[in-house]
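Notes for the one structure printed next.
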Amino acid sequence: MKKRLSSPIRICMNILITLVAAAIYFYIALPPINMQSGEFWTFLLLILVFFCVLTLLSQRNVQEKAASGSLFSFLWKNLRIPVILMGICLVICLIGSILSAVIFNTKAYSSLITLEESDFAEDVAEISYDQIPMLDEVSANTLAARKLGELSDLVSQFEVDATSAQINYQNAPVRVTYLNYGDFFKWINNRSEGIPAYIVTDMVTQEVSVVRLEEGMKYTPSEPFNRNIDRYLRFKYPFTMFSDVNFEIDEEGTPYWVASVMKKTIGLFGGADITGAVLVNAVTGECTYCAIDEIPSWVDRVFTADLIIEQYDYHGKYKNGFWNSIFGQKGCTVTTDGYNYIAQNDDVWVYTGVTSMGGDESNTGFILVNQRTKEAKYYSVAGAEEYSAMSSAEGSVQQYSYTATFPLLLNIEGQPTYFMALKDESNLVKMYAMVNVQQYQIVSNGSSLAECEQNYYELLRENKIISDDTQSPITEQETETVTGNITELRSAVIEGTTYYYIKLDILPETWFRLSAAESEEIVLYNIGDSVTLTFEKEEASIQPAKIDGSSES
């Protein structure tokens, strides 16, 4: 007959197995050991439930006790300690949730973010055109993936991560993208050297660069074991809650992981906010904790856009009290569905519109929030909601079936103006559009920023919004003049306007596009004729141009 284990030995074995299971779960799920974390309480409850189930499975006479009616006393005798502990955990979670509820902390929730009402013209006018991001995340990632495909030594072993972070690098808006190991076996082949490069996409010029490192990145998300960046941070800081881990580079191009340190400021579970960040050198693994006021200026993303929007929505809903947010909703506002980024003052700011809780299709204003410091500015600018403007921009080029990116808000001659890129089915930017916020039937587009802006100024002049002698900043820049013989000549009608495309013998690789409405005399030219053109040279294969007044057929 098989000898049964004594009760103390059986309990010790169950505890040991539970501890092993807890270690495995912790290694995989990485919950912070912090009472403010819901993941921590879930971890505790799961481990206690596991121990209870293991205890029952190790008992041979459970069915006999159930049949005899003494099951409750049997369970209480064997499981009372873990059951009491589970009860304590549930009570703490319940009390913590009640103490964190919005209804009891309305003022605290509405004060999570401090807004400064600011002047639109003074602040936004400072944003220059060379700081406007032309690409969204999807387009930037598409370009990055294509760039990697050109490099045979990298594409066979690594793949571009599906996400990228917009930062301000050397005072220019860029998106940085890290690489992942292609699979487990490619990790085995390359783990000793690490990941040898990352990708930088210029958001203005759309130029993509692969930056190769002297020493590869050892700490990345695609590491399966201890060098996995999330696991590395958890073992270094077991009691710390992290909001997000972003990939950034400093001004010298050194890759870092920026882990935002989170704290709940209301009750036990409410009022998430950022208190600092841990900077991890992706190559060496060196870690440095910085409080909010100590974070170096090259760091751009500490407060995530989602957290900023959540905090503003609390402010907008509850600034006039909890019950007002349900009944009446006087003065209640929320952010619109979407956001974008803009580079300003060597930082990255989150932009999103603000609308009433009634759900109409107009904005009451918008906010700009610094992602490093959480400096927040509110601008009272009434006008069209972003998705209405996107529809207007798409409608202006509906024959191409382009889709608009979520817009940025620019100040053009004191006029709040939505700016957006128009993308094709391959997520590549083909055109740009500008929509007047207050009169969103005023829509301009162009294949370049210069053309789009010049067309927008023309519409503003036609609608008597600006004076006839007001010229765009791009138009006022120094122009180039070129004289040559026409070697090719083509035409197309776009939006009711005839455009002529010509090549000159002295610049055989460049197409010049002229509008018949602006340069009517172009219709008189033929191949072989000499012509003088003026244009602002751009990084584009097709240059918008005009016929110089002194040229003759």
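Here CG of Asp347 is found 13.0 Å from CZ of Arg301. Values are rounded to the nearest 0.5 Å. Note that CD of Glu394 is 7.5 Å distant from CG of Leu422, once rounded to the nearest 0.5 Å. Taking CD1 from Ile522 and NZ from Lys546, the interatomic distance works out to 14.0 Å, rounded to the nearest 0.5 Å. Here Thr352 contributes atom OG1 and Ile308 contributes atom CD1; the two are 10.5 Å apart, rounded to the nearest 0.5 Å. Rounded to the nearest 0.5 angstrom, Lys319 NZ and Ser325 OG are separated by 12.0 Å. One distance of note links CG of Asn463 with CD of Gln441; it measures 7.0 Å at 0.5 Å rounding.
Annotation: side chain of Leu112 is not in contact with side chain of His315 (no heavy-atom distance under 4.5 Å). Taking the side chain as every heavy atom from C-beta outward, Thr481 and Thr532 approach each other to under 4.5 Å. Ile412 has its side chain within reach of Tyr457: a pair of non-hydrogen atoms, C-beta onward, lies under 4.5 Å apart. When side chains are defined from C-beta on, Leu459 does not count as touching Gln439, because their heavy atoms never get closer than 4.5 Å. The shortest side-chain heavy-atom distance between Thr487 and Pro508 does not fall under the 4.5 Å cut-off. The shortest distance between side-chain heavy atoms of Leu514 and Leu533 falls below 4.5 Å. Pro173 is listed as a side-chain neighbour of Gln166, based on a closest heavy-atom distance under 4.5 Å. When side chains are defined from C-beta on, Ile547 does not count as touching Phe512, because their heavy atoms never get closer than 4.5 Å.
Heavy-atom neighbours of Glu520 CD from other residues, nucleotides or ligands within 6.0 Å: at or below the threshold of 12. Atom NZ of Lys377 is surrounded by more than 12 heavy atoms from other residues, nucleotides or ligands within 6.0 Å. For Glu294, the CD atom is densely surrounded, since the number of other residues' heavy atoms within 6.0 Å is greater than 12.
Remark: side-chain polar atoms of Thr405 are not paired, donor with acceptor, to backbone N or O of Met420 under 3.5 angstrom. At distances below 3.5 Å, at least one donor-acceptor pair connects side-chain atoms of Ser111 with backbone N or O atoms of Lys107. One N or O on the side chain of Arg175 and one on the backbone of Ser164 form a donor-acceptor pair closer than 3.5 Å. A donor-acceptor pair under 3.5 Å links the side-chain atoms of Glu385 to the main chain of Tyr387, judged by distance alone. When atom types are taken as modelled, the side chain of Ser260 and the backbone of Val302 share a donor-acceptor pair closer than 3.5 angstrom. With hydrogens and angles disregarded, no donor-acceptor distance shorter than 3.5 Å links the side chain of Asn105 to the backbone of Ala108. No donor-acceptor pair under 3.5 Å is formed between the side chain of Asp244 and the backbone N or O of Thr304. Using a distance-only test at 3.5 Å, with no hydrogens or angles considered, a donor-acceptor pair links the side chain of Thr417 to the main chain of Gln415. Between the side chain of Tyr418 and the main chain of Ala384, a donor-acceptor pair closer than 3.5 Å is present. Asn340 contributes a side-chain N or O that, together with a main-chain N or O of Phe406, makes up a donor-acceptor pair within less than 3.5 Å.
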- Evaluate the criterion side chain to side chain contact (heavy atoms under 4.5 Å, CB included) for residue pair Tyr400 and Lys430; output intermediate values, then yes/no. CA-CA 10 Å; Tyr400 300 122; Lys430 294 299 185 181; over 6 Å; no
- Item | Full working for side chain to side chain contact (heavy atoms under 4.5 Å, CB included) between Thr275 and Asp273 | CA-CA 7 Å; Thr275 60; Asp273 207 356; 5.8 Å; no
- Verdict with supporting geometry, Trp349 and Tyr341, ring-ring contact (aromatic ring centres under 6.0 Å, His included): CA-CA 6 Å; Trp349 298 64; Tyr341 304 98; over 10 Å; no
- Between Lys147 and Val160, is a side chain to side chain contact (heavy atoms under 4.5 Å, CB included) present by the stated rule, with each step listed? CA-CA 10 Å; Lys147 185 66 175 181; Val160 177; over 6 Å; no
- Item | Ser396/Asn445 under side chain to side chain donor-acceptor pair (under 3.5 Å): CA gap, chis, key distance, verdict | CA-CA 8 Å; Ser396 69; Asn445 55 64; 3.2 Å; yes
- Query: Going through the checks in order, is the side chain to side chain contact (heavy atoms under 4.5 Å, CB included) test met by Glu413 and Ile465?
  - Reply: CA-CA 9 Å; Glu413 298 297 330; Ile465 296 174; over 6 Å; no
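Scored by the ring pair (Phe, Tyr, Trp, His ring centres under 6.0 Å) test, Phe242 finds no partners at all (sequence neighbours excluded). Scored by the ring pair (Phe, Tyr, Trp, His ring centres under 6.0 Å) test, Phe303 finds no partners at all (sequence neighbours excluded).
When every heavy atom of Asn168 is checked against every heavy atom of Asp300, the shortest pair comes out as N-OD2, 2.8 Å. A pairwise comparison of heavy atoms in Ile274 and Ser243 identifies CD1-CB, 3.6 Å as the closest pair. Closest heavy-atom contact between Met357 and Gln329: CE-NE2, 3.7 Å. Summarising the geometry of Gly276 relative to Tyr289, their closest heavy-atom pair is CA-OH, 3.8 Å, with the distance given to 0.1 Å. In plain terms, the two heavy atoms of Met262 and Ala272 that are nearest each other are SD-CB, 3.8 Å. Of all heavy-atom pairs spanning Gln543 and Thr510, the tightest one is CG-CG2, 3.6 Å.
Note on ring orientation: taking the six-membered ring where Trp is involved, the planes of Tyr501 and Tyr499 are tilted (angle from 30° to 60°). Between Phe366 and Tyr379, the ring-plane angle classifies as parallel under the 30° and 60° cut-offs. Below 30°, between 30° and 60°, or above 60°: for Tyr318 and Phe322 the angle between ring planes is below 30°, a parallel geometry.
Test Val278, Val299, Leu279 against Cys290 for side chain to side chain contact (heavy atoms under 4.5 Å, CB included) and you get one pass: Leu279. When the options Tyr198, Phe247, Trp298 are evaluated for a ring-ring contact (aromatic ring centres under 6.0 Å, His included) with Tyr256, the one that passes is Trp298.
Between the side chains of Tyr169 and Asp202, not a single donor N or O lies within less than 3.5 Å of an accepting N or O. Using a 3.5 Å distance cut-off with no hydrogens or angles, the side chains of Thr220 and Tyr178 do not pair a donor with an acceptor. Checking Tyr351 against Glu386 by side-chain atom types alone, a donor-acceptor pair falls below 3.5 Å. Using modelled atom types and a 3.5 Å distance limit, the side chains of Tyr312 and Thr333 yield a donor-acceptor pair. Between the side chains of Asp469 and Ser467, at least one donor N or O sits under 3.5 Å from an acceptor N or O. Asp313 and Thr335 share a side-chain donor-acceptor pair at under 3.5 Å.
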